[in-house]
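Right, one structure below, let's go through it.
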Amino acid sequence: MPELEQFAAPGSEWWRSAVIYQIYPRSFADASGDGIGDLPGITARLDSLSELGVDAIWLSPFMTSPQRDAGYDVADYRDVDPLFGTLADFDDMLAQAHARGIRVIVDLVPNHSSDQHAWFQAALAAGPGSPERARYIFRDGRGENGELPPNNWQSVFGGGMWECVTEADGTPGQWYLHIFDATQPDFDWTNEEVREEFRSILRFWLDRGVDGFRVDVAHGMVKKEGLPDYTPPADADSMGGGEDDVPYWGQDGVHDIYRDWHKVLAAYDGDRALCGEAWMPTLHQTAMWVRPDEMHQTFNFPYLLTPWDAEALRAVIRESLDEFGAVGAPSTWVLSNHDVVRHASRLALTADNPQGEGIGPNSPGKPDPVVGLARGRAATTVMLALPGSAYLYQGEELGLPEAMEIPDEFRQDPTWFRTNGERYGRDGCRVPLPWTAEGPAYGFNDTGASWLPQPAEWAEYARDVEETADDSTLALYKLLLRLRREHGLGTGALVWEDLGADAVAFRRGDLHVAANLGSAPLALPEGAHFVVQSARFEGAALPVNAAAWYTLP
Ligand code: GLC
């Protein structure tokens, strides 16, 4: 393999190199004790994030919501749901994060609202042909009496993508489109009133001082003209990440919306940023979201979806740097979030598991936990050495595995209900965090209530236990984040090195990085002095499923 230098796109804005920690508010820390995490809980735990060494936090939605999709069904975009606190609690959290030098990104859900949103209720009341209905995607049904849905699209969560409403006179009426749950009607983004409303929502949060937005379903907001029928392949990922030419994903028109939002953000000081959630099949397409006048970042899902395979991992890193570099954007890197199986489990699965399917008691191919954790730690050790911006998901710094044995009666993901239990969905990565080995709910609160049951082995992963063990996953993350900052690894060049087919190896300045994805120990150059080992080892041979950072004499 020739030595090839690859650069992260230059620029000094904070988001080009930031490590951004995703907080899933329901499951982070619960100050009120009702079993669901909240904003005061986050504020109380900010010191733990300063100690971890992250640059920013992204909060999944905490706005007013009936919680049919864990807050991704927003009924009021300008207020905090009482479950999570108040706007004053938000302002306090933001001020306290900023005081610690931590930036704050909030989740924006523009593809759909909750059916409890005032606009949707008005649309139901106003009837066909009204301006109220024109904010959403209402259509007449097919069939003699309109009894069939307008097309064959299937919801991401299972079942059809259309719901028939009952009109004011009691007769079956029009149908509305919902990519997700029936309680999440899609907005019609061809309507200027919708566009103006979201500009105003962006300004509402920017005026409060947020540093940016993570934009939910950023590839779904525009649908193909005429809404033509479409049938995805049977093994498709739920968000469309592997499919080409889907009439509701990645339509060209979405980019106009982001060009418009770019201008809204640019009018503010402080390098406010947009990060898109766009599941596109190729990195080339993914990079279209971050052309210079559009979003600033977009999640690198092709990287997240890469299996534990050296050739595939080298290829996706190479291509990421090329494709994002070509549009002048930093690559992002992400291994876990609230929609995928945690990477300390996912990287050791032995059966196919499309994104969104989840793992439960009856799933095939469950991972060996020891192999999973070793690979998870090694994968992060590689990721945090890459130039660009990295996203961490709460709990991965503890090495948490997926919770795979949640009893059916506790499940809450709409996917589970809409597929009649055929797909477990995403509850397994959303279980409340263990802060202490002892005490109610492992320190998540002081009442013991927890909206999803915490597995018994959570005690081993509790933060207070990991804080005192110098070979814990938490200690590894802290070390990686400190050295990443000290060596300025978020920007600059990456030089590939050749350590054989089973290795991923590159150099960042004086620091060498290597991971062993093969099945035999991997010899490293003579005299290697290790500064990070994802798992403790003696000598210069990198164990299977391990990664290291080292210098050479
Ligand atoms: C995004 C969110 C996911 C949610 C969906 C619908 O994919 O990350 O959690 O269910 O959008 O809003």
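Atoms within each ligand, like the ligands themselves, are counted from 1 in listed order. None of these values were measured; they are calculated from a predicted model.
The closest approach between any non-hydrogen atom of Arg214 and ligand 1 is below 4.0 Å. Under the 4.0 angstrom criterion for non-hydrogen atoms, Arg430 is in contact with ligand 1.
Using bins of under 30°, 30° to 60° and over 60° for the plane-to-plane angle, the ring pair Phe198/Tyr77 lands in the perpendicular bin. Ring geometry, Trp58 versus Phe299: the interplanar angle falls from 30° to 60°, so the pair is classed tilted. Ring-plane geometry between Phe62 and Phe90 is classed as parallel, the angle between the planes falling under 30 degrees on a 0 to 90 degree scale with a further cut at 60.
Ligand 1 has an N or O atom lying under 3.5 Å from an N or O atom of His112, backbone or side chain.
Taking the ring axis of Phe157 as reference, the NZ or CZ atom of Arg418 does not stay both within 45° of it and closer than 6.0 Å to the ring centre. Within the cation-pi definition used here (under 6.0 Å to the ring centroid, within 45° of the axis), Arg139 does not qualify as a partner of Trp162.
Heavy atoms of Phe157 found under 4.0 angstrom from ligand 1 belong exclusively to the side chain.
When hydrogens are left out, the protein atom nearest atom 2 (C) of ligand 1 is Asp216 OD1, 3.0 Å; that is the closest non-hydrogen contact. The protein non-hydrogen atom at the shortest distance from atom 5 (C) of ligand 1 is Phe180 CE2, 3.7 Å. Summary of contacts: the protein heavy atom closest to atom 8 (O) of ligand 1 is Asp339 OD2, 2.5 Å. Nearest non-hydrogen protein atom to atom 7 (O) of ligand 1 is Glu277 OE2, 2.7 Å. Protein heavy atom closest to atom 10 (O) of ligand 1, with residue, atom name and distance, is Asp69 OD2, 2.6 Å.
For ligand 1, the atoms sitting less than 4.0 Å from at least one non-hydrogen atom of Val217 are 1 (C), 11 (O), numbered in the order shown with element in parentheses. Heavy-atom proximity to Arg426, at under 4.0 Å, picks out these atoms of ligand 1: 3 (C), 4 (C), 9 (O), 10 (O). Interface of Met239 with ligand 1, defined as ligand atoms under 4.0 Å from a residue heavy atom, comprises 7 (O).
When Arg199, Arg135, Arg133 are each tested for a salt bridge (charged side-chain N to carboxylate O under 4.0 Å, His left out) with Glu193, only one passes: Arg135.
You'll find the ring centres of Tyr248 and Trp153 inside the 6.0 Å limit.
Counting non-hydrogen atoms of other residues, nucleotides and ligands closer than 6.0 Å to CD of Glu225 gives a total of 12 or fewer.
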